[in-house]
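The block underneath contains the structure these notes are about, expressed in structure tokens.
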Number of protein chains: 2
Amino acid sequence: MSDNIFENVKHGSLSTQIFELLRDRILNGDYEDGQKLNELALAKELKISRTPIREALKQLELQELVESIPNKGVYVKGFSARDIDDMFEMRISLEGLAIELAIDRMDDEHLNKIKDVYDLMEFYSMKLDYEKLRELNIMFHEVIYEATQSPYFMQILKDIHYYVSMTSRHAIRQKDRVETSLSEHKVILDKIIAADKEGAREVIESHIRKTQQFVRDYFLAHPK
Amino acid sequence: MSDNIFENVKHGSLSTQIFELLRDRILNGDYEDGQKLNELALAKELKISRTPIREALKQLELQELVESIPNKGVYVKGFSARDIDDMFEMRISLEGLAIELAIDRMDDEHLNKIKDVYDLMEFYSMKLDYEKLRELNIMFHEVIYEATQSPYFMQILKDIHYYVSMTSRHAIRQKDRVETSLSEHKVILDKIIAADKEGAREVIESHIRKTQQFVRDYFLAHPK
DNA sequence: AAAGCTATAATTGTATACAATAATACAATG
DNA sequence: CATTGTATTATTGTATACAATTATAGCTTT
């Protein structure tokens, strides 16, 4: 079976791969806040030329992950706990809207996909496989984004969700959160299946708020 | 006086200029939907090399303005009226949140800036200078975005606002809309000055909804 | 004449070379 | 000793060269 749900490995061009690599490094906190990213050093480290590096850096700049000072260089922009909290607020606003649009516009393919993802969530929740669950959580919400069929909406929500997912990954690794999160996704799925827009908005907003609170508590207990 | 409010001409690197040029061309409808953007052709037209072109195209790809097919080329992605309408919905969701954050976090500099912008709006409304008003409208809302002091929030709202502003610019060019728009901005400004968060959210959402309706009507009357 | 193969051209992807700007080190001057 | 100016080096910005992939045209075959 080659169309495994996790098999998302179609590497694009080099610059795209580099973009994703550097993005994940930044979100992971591998670089210091304000650290300069030297093009030649990166090129040598990754054993490629500067061209794809530069293209990737240009993209990171647009995502606000680095700051570029002309003729000087690009510098990584760090995250504050408030930045992450703000992103949760954006998600609450946007996903409530997204799920209503999604219910209006989704087709059977989307519906089957989100059901499959949920089934896997049940499985990996039992196994407490946090990394798989993080990936599945991203997939679950991305199906909703894609069902809106609005390219900008999709892209923006994907980015925001990916950011918060990566930056708060350690906050979520608790058994009881896994269980409540699973049941929350079940409720969301049921509302989608019932095509209950108002209900879906309510439960997805509440779900994100709970996650937000969890992350808040974590950052309060683990100040940097 | 060199710090003119419109004097925003600090051209960045070539690739940044090219990015902005191509973005505006696409938003303006200068290219056909699906048209291929040939790197060499663009380089020759703009009398530069392919390198800055490619860097700009990579950025456009991230903004969903073009689609890149590996080893084949990049193709412009057109807009539908629904896409634009969806962007208005996103603005309504996000700006309501943004203005509340902005009121909490804004300083005197932001406040003075938005007052100055409003004063100019009054002036150019009398003169019915649509292009200046479009620029001032962008500035007015961008002050709010900047006052949130949340980098992602700022960037996302700037992009969305710029998109809708550019793609619906012809829909707004009517004398009575200029007058009502001005008074709506006055109300928003007053709520900001009064630090009335709930009130501000209400009036800014209503303001965007009115603009949205105006654009809807226009696209209904002028189907492509 | 239609379908398929092959050679050629065109285009994208990557690497390197050159140009312009900024950072550094060090000497000269007060 | 501090400061300023200058030469050198390092780094970014842009252009060009080369490699890999895709599109095109013409020929062959049936």
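Note that the structure is a prediction, hence the values are computed from the model and not measured. Naming: A, B, ... by sequence-line order, numbering from 1 per chain.
- Of the N and O atoms on the side chains of A:Ser165 and A:Arg134, at least one donor lies less than 3.5 Å from an acceptor on the other residue.
- Scored by the side-chain hydrogen bond (donor to acceptor under 3.5 Å, both in side chains) test, B:Arg91 finds B:Glu95 as partners (sequence neighbours excluded).
- Taking the six-membered ring where the residue is Trp, B:Phe79 and B:Tyr163 present perpendicular rings, their angle passing 60° and hence far from 30°.
- The nearest whole Å value for the distance from the CG atom in B:Leu42 to the P atom in C:dT11 is 12 Å.
- Using cut-offs of 30° and 60° on the angle between ring planes, the pair B:His141 and B:His161 is perpendicular.
- Qualifying side-chain hydrogen bond (donor to acceptor under 3.5 Å, both in side chains) partners for B:Glu89, counting only residues two or more places apart in sequence or in other chains: B:Gln212.
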Is there any protein nitrogen or oxygen under 3.5 Å from a nitrogen or oxygen in nucleotides 12-14 of chain C, and what are the pairs?
| unit_1 | atom_1 | unit_2 | atom_2 | d |
| --- | --- | --- | --- | --- |
| C:dT12 | OP2 | B:Glu39 | N | 3.4 |
| C:dG13 | OP1 | B:Asn71 | N | 3.1 |
| C:dG13 | OP2 | B:Arg54 | NH1 | 2.9 |
| C:dG13 | N7 | B:Arg50 | NH2 | 2.9 |
| C:dG13 | O6 | B:Arg50 | NH1 | 3.2 |
| C:dT14 | OP1 | A:Leu14 | N | 3.0 |

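- If you measure from atom CD1 of A:Ile53 to atom P of D:dT11, you get 14 Å, rounded to the nearest angstrom.
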